[in-house]
Amino acid sequence: MYRTHDCNSLRKTDIGKQVTLAGWVHVLRDHGGVIFIDLRDRAGLTQVVFRPEENAEVAKEARSLGSEDVIEISGRVAARVPGTENPKLATGDIEVIPNRLQILNRADALPFPIDAEIHNEDLRMTYRYYDLRRPRLARNLRVRHRVAKATRDYLDSQGYIEVETPILSKSTPEGARDFLVPSRLAPGKFYALPQAPQQYKQLLMVAGVEKYFQIARCFRDEDLRADRQPEFTQIDIEASFVTPDDIFGVTEGMLRAIFKAARDIDIKAPFDRLTYREAINRYGSDKPDRRFGVQLVDISDDFRSSGFKVFRGALDAGGVVKAINAKGFAGITTGQIEELTETAKLFGAKGLAFIKVENREWKSPIVKFFSDAEKAALQSKLKIEEGDLILFGADKWETACEVLGRTRLRVAEIQDLHGKAAKGQSGSDWDFLWVTDFPLMQWSAEENKWNAVHHPFTRPKAADVALFDAKKFGEIRAEAYDVVLNGVEIGGGSIRIHEPELQEKMFEALGVSTEDRQSLFGHLLRALRLGAPPHGGIALGLDRLVMLICGEDTIRDVMAFPKNNRGLDLMTQSPADVDPRQLRELSIRLASEKRLEGRAPSRP
RNA sequence: GGAGCCUUAGCUCAAUUGGUUAGAGCGCCGCCCUGUCACGGCGGAGGUUGCGGGUUCGAGCCCCGUAGGCUCCGCCA
């Protein structure tokens, strides 16, 4: 037996007991005579004291120990010398005086200190197993576990069952780039890793499962971000005979259970709801961060006959003029204005008009073009006060909203409006929101076709089905919804199409040929003809959710072994070359080797 | 595919206008130290300043290129 107790369990009441502990040498303090070791395991720290006069042999060996050596000690629990108790440690009243020391494993010189913040992520990833010993990451792993457990417990309590779906799956044309897996038994053919268990979970509804969930690994071969990894985890939920309200209810209940279990936080439910159109109109984003005000205000009507050509031109072209009031930000520097303008241009604006209100004066390159009536309208609609900064967007609706929405976020960032709110303790620091009524399809000028905004199985709102026949695809609203937390999309879902005729209509609108419908989606269409119940669901990004709960800035810090932003695992050095024999078995020849083809030595 | 920021000792950082032998703390190695808890003291090792080129009498510093890391845009139904 390696140990009788962990390093966080001994107290005053244990004094006199003979115990055995095992763990890592956290810190060693060698006083020449007496030697102190803080012994660490996953539970905590216990001070171990080696005294030469009590056991010279053991003390001598202890002197040779270094940081992160793994040891096992046996000894008696003793009260600390009065006055030397350490109130910072849970075990600070006692110490262990060993009569036996076993060195289980020695550690080399360490690549970086375990008890300090380190920003060299490269190095951390290379030694990830060591990085994970750091308290913050160790805590994140445990929070993640508690989130997963609360998810399973809650959904189980609601009658949902967890069903595993295949990882070796089939490529579909829509959506993200697939990771492909070559088949040995079917030469030249490929599996695809699932981007999500979407079709399988719908088929489980046809199977009569009625209430399904899965903590499912998903794979997408796209470029990475701080909150995007090539493989990630979704809490995937699907249910039959449900309306959006049913899905909202189970999601809210689950998130309440998760926050309670992970951080003992009571979040407020039901969550507010905004339609997609309102969200864009008021916040310039389909995942608005509402922890600070600064809403977009439409001032189009006040400038219809304006003498200011930029506004007038946008309006005459059928666009809008909108503005935000960045309260108290008149002190913005010229450099910051330039930076905001750059941001605005990046998202399609031609420029970024502004007014600074300083010393009761409107300082602005454009205000001279405004009439008194226009100024009065601005004053009242934007509630302009001393110290404010007004920023304008004049363009077609989507562009003006997005530009101001992005500008709004950047302003908040500069002013640190959202600050560390998400890292707070109280329920009100967590702003949950449903965004509903997303458009069903979006025109892609690049591909010259309509694409599904959510996915091709999303149900149109009943009131908008007639628009299919009118071919007004862009106006059809979907029975689709996202759940947003503090400006981060943490999940999304929809009610699905369960009628084969409607599904065919949808494929037709998306330009999926009759042949492709059969070869790619035939199984689903056949399933819909065998008694598919009405169904719908949602998927939540577990990594993002845990990231927010842990107050981290990247999902890498809540994953045990993440990849860097080029998709490389620096610890295992994957992806890597494989043995040519493996390739031959898979009937694969690398394009980079093709030019050597003729010269390659033939094998016996 | 594009943009920005970063790269100096194992780690975190410094190095005045371009100017002597590139420094400090931590870590590492050695010695000393019997009540510390970020123990302390003395000594030591450790650097192709990411790499390549250029400007210059002289480059860690300026210029060009390149590699790597991170962030963002595109992309991510």
Side-chain angles (χ1 to χ4, degrees), chain A residues 26-40 45-54 59 63 66-68 78 80-89 91-92 95 97 107-127 130 172-178 195-196 198-199 218-230 232 339 342-343 345-348 402 406 409-410 413 438-442 444 446-447 450-458 478 480 489 492-494 506 510 512 539 541 553-554 556 564-566 568 570:
Chain A
H26 189 62
V27 183
L28 181 135
R29 295 177 292 277
D30 181 352
H31 286 247
V34 66
I35 298 159
F36 300 97
I37 283 176
D38 290 340
L39 187 66
R40 187 193 73 236
L45 293 174
T46 298
Q47 174 162 282
V48 178
V49 185
F50 295 92
R51 292 206 194 93
E53 65 271 24
E54 299 215 13
R63 180 151 289 130
S67 289
E68 299 303 313
R80 289 205 183 183
V81 174
T84 66
E85 298 88 353
N86 185 351
K88 285 188 256 173
L89 288 185
T91 58
E95 58 200 17
I97 319 287
D108 284 350
L110 304 169
F112 52 86
I114 202 170
D115 53 357
E117 279 296 305
I118 173 172
H119 305 286
N120 190 338
E121 207 171 338
D122 220 12
L123 193 71
R124 287 178 49 200
M125 289 304 169
T126 306
Y127 296 95
Y130 172 61
T172 51
E174 301 262 339
R177 192 176 296 114
D178 287 313
Q195 299 172 24
Q198 181 59 38
Q199 293 190 43
C218 305
F219 306 86
R220 294 178 191 176
D221 188 8
E222 296 291 346
D223 287 359
L224 283 68
R225 290 281 192 282
D227 62 354
R228 274 173 19 198
Q229 284 272 305
F232 60 100
E339 192 212 310
E342 283 311 305
T343 307
K345 283 183 177 165
L346 196 60
F347 293 99
E402 182 173 18
R406 297 279 185 164
L409 288 180
R410 186 69 194 121
E413 209 173 287
F438 278 82
L440 186 68
M441 289 176 261
Q442 193 170 34
S444 164
E446 212 173 279
E447 299 168 86
W450 289 96
N451 283 333
V453 167
H454 186 51
H455 57 55
F457 320 114
T458 304
E489 180 202 324
S494 63
M506 183 67 181
L510 294 171
V512 181
D553 294 323
T554 158
R556 290 188 298 273
N564 75 0
N565 73 358
R566 290 201 304 159
L568 310 179
L570 296 174

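Here is how names work: the chains are called A, B, and so on, in the same order as the sequence lines, proteins then strands, and each is numbered from 1.
- Across B/G69 and B/G30, the matching P atoms stand 36 Å from one another, rounded to whole Å.
- Between A/Arg29 and B/U36 there is no side-chain polar atom (N or O) within less than 4.0 angstrom of OP1 or OP2.
- Protein atom CD of A/Glu413 is 14 Å distant from nucleotide atom C1' of B/C5, rounded to whole Å.
- A/Glu117 comes within contact range of no nucleotide atom at all, as no heavy-atom separation falls under 4.0 Å.
- Across B/U7 and B/C11, the matching P atoms stand 14 Å from one another, rounded to whole Å.
- When the P atom is used for both B/G19 and B/G23, the distance is 15 Å, rounded to whole Å.
- Rounded to an integer number of Å, the gap from A/Arg124 CZ to B/G10 C1' is 17 Å.
- Nucleic acid contact for A/Glu339: none, since no nucleic acid atom lies under 4.0 Å from a heavy atom of the residue.
- Counting distance only, with no hydrogens placed and no angle test, the side-chain atoms of A/Arg80 and the base atoms of B/C37 include a donor-acceptor pair under 3.5 Å.
- Under 4.0 Å is where a charged nitrogen must lie from a carboxylate oxygen, and between A/Arg177 and A/Glu222 at least one such pair does.
- Atom-to-atom, CG of A/Leu39 to C1' of B/C37 comes out at 14 Å; the value is rounded to the nearest Å.
- Taking the centre of each ring, A/Phe112 and A/Tyr130 come in below the 6.0 Å mark.
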*Let me see the working for A/Arg124 and A/Glu121 under salt bridge (Lys or Arg N to Asp or Glu O under 4.0 Å), right down to the final yes or no.*
CA-CA 5 Å; A/Arg124 287 178 49 200; A/Glu121 207 171 338; 5.1 Å; no
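- Between the side-chain ring of A/His31 and the base of B/C39, a stacking contact exists by the 5.5 Å and 30° definition.
- Atom name C1', nucleotides B/U48 and B/A22: the rounded distance is 13 Å, in whole Å.
- In this structure A/Asp38 satisfies the side chain to side chain contact (heavy atoms under 4.5 Å, CB included) test together with A/His26, A/Val27, A/Arg29, A/Leu45, A/Gln47, sequence neighbours excluded.
- The separation between A/Asp108 atom CG and B/C11 atom P is 15 Å, rounded to whole Å.
- Among the heavy atoms of the strands lying under 4.0 Å from A/Pro113 are primed sugar atoms or P, OP1, OP2 only; no base atom is included.
- Taking CD from A/Gln195 and OG1 from A/Thr172, the interatomic distance works out to 5.0 Å, rounded to the nearest 0.5 Å.
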*What string of B, S and - do you get for nucleotides 69-76 of chain B 5' to 3' if you count protein non-hydrogen atoms under 4.0 Å?*
SBBSBBBB
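- Between A/Glu342 and A/Arg410 there is no salt bridge, since no side-chain N of the basic residue sits under 4.0 Å from a carboxylate O of the acidic one.
- In this structure A/Asp227 satisfies the salt bridge (Lys or Arg N to Asp or Glu O under 4.0 Å) test together with A/Arg544, sequence neighbours excluded.
- Stacking annotation: A/Phe112 is not stacked on the base of B/C11 (requires ring centroids less than 5.5 angstrom apart and an interplanar angle below 30 degrees).
- Contacts of A/Val27 with the nucleic acid, taken as non-hydrogen atoms under 4.0 Å apart, involve only primed sugar atoms and P, OP1 or OP2.
- In this structure B/C76 sits in no base pair that meets the Watson-Crick or G-U test at under 3.5 Å.
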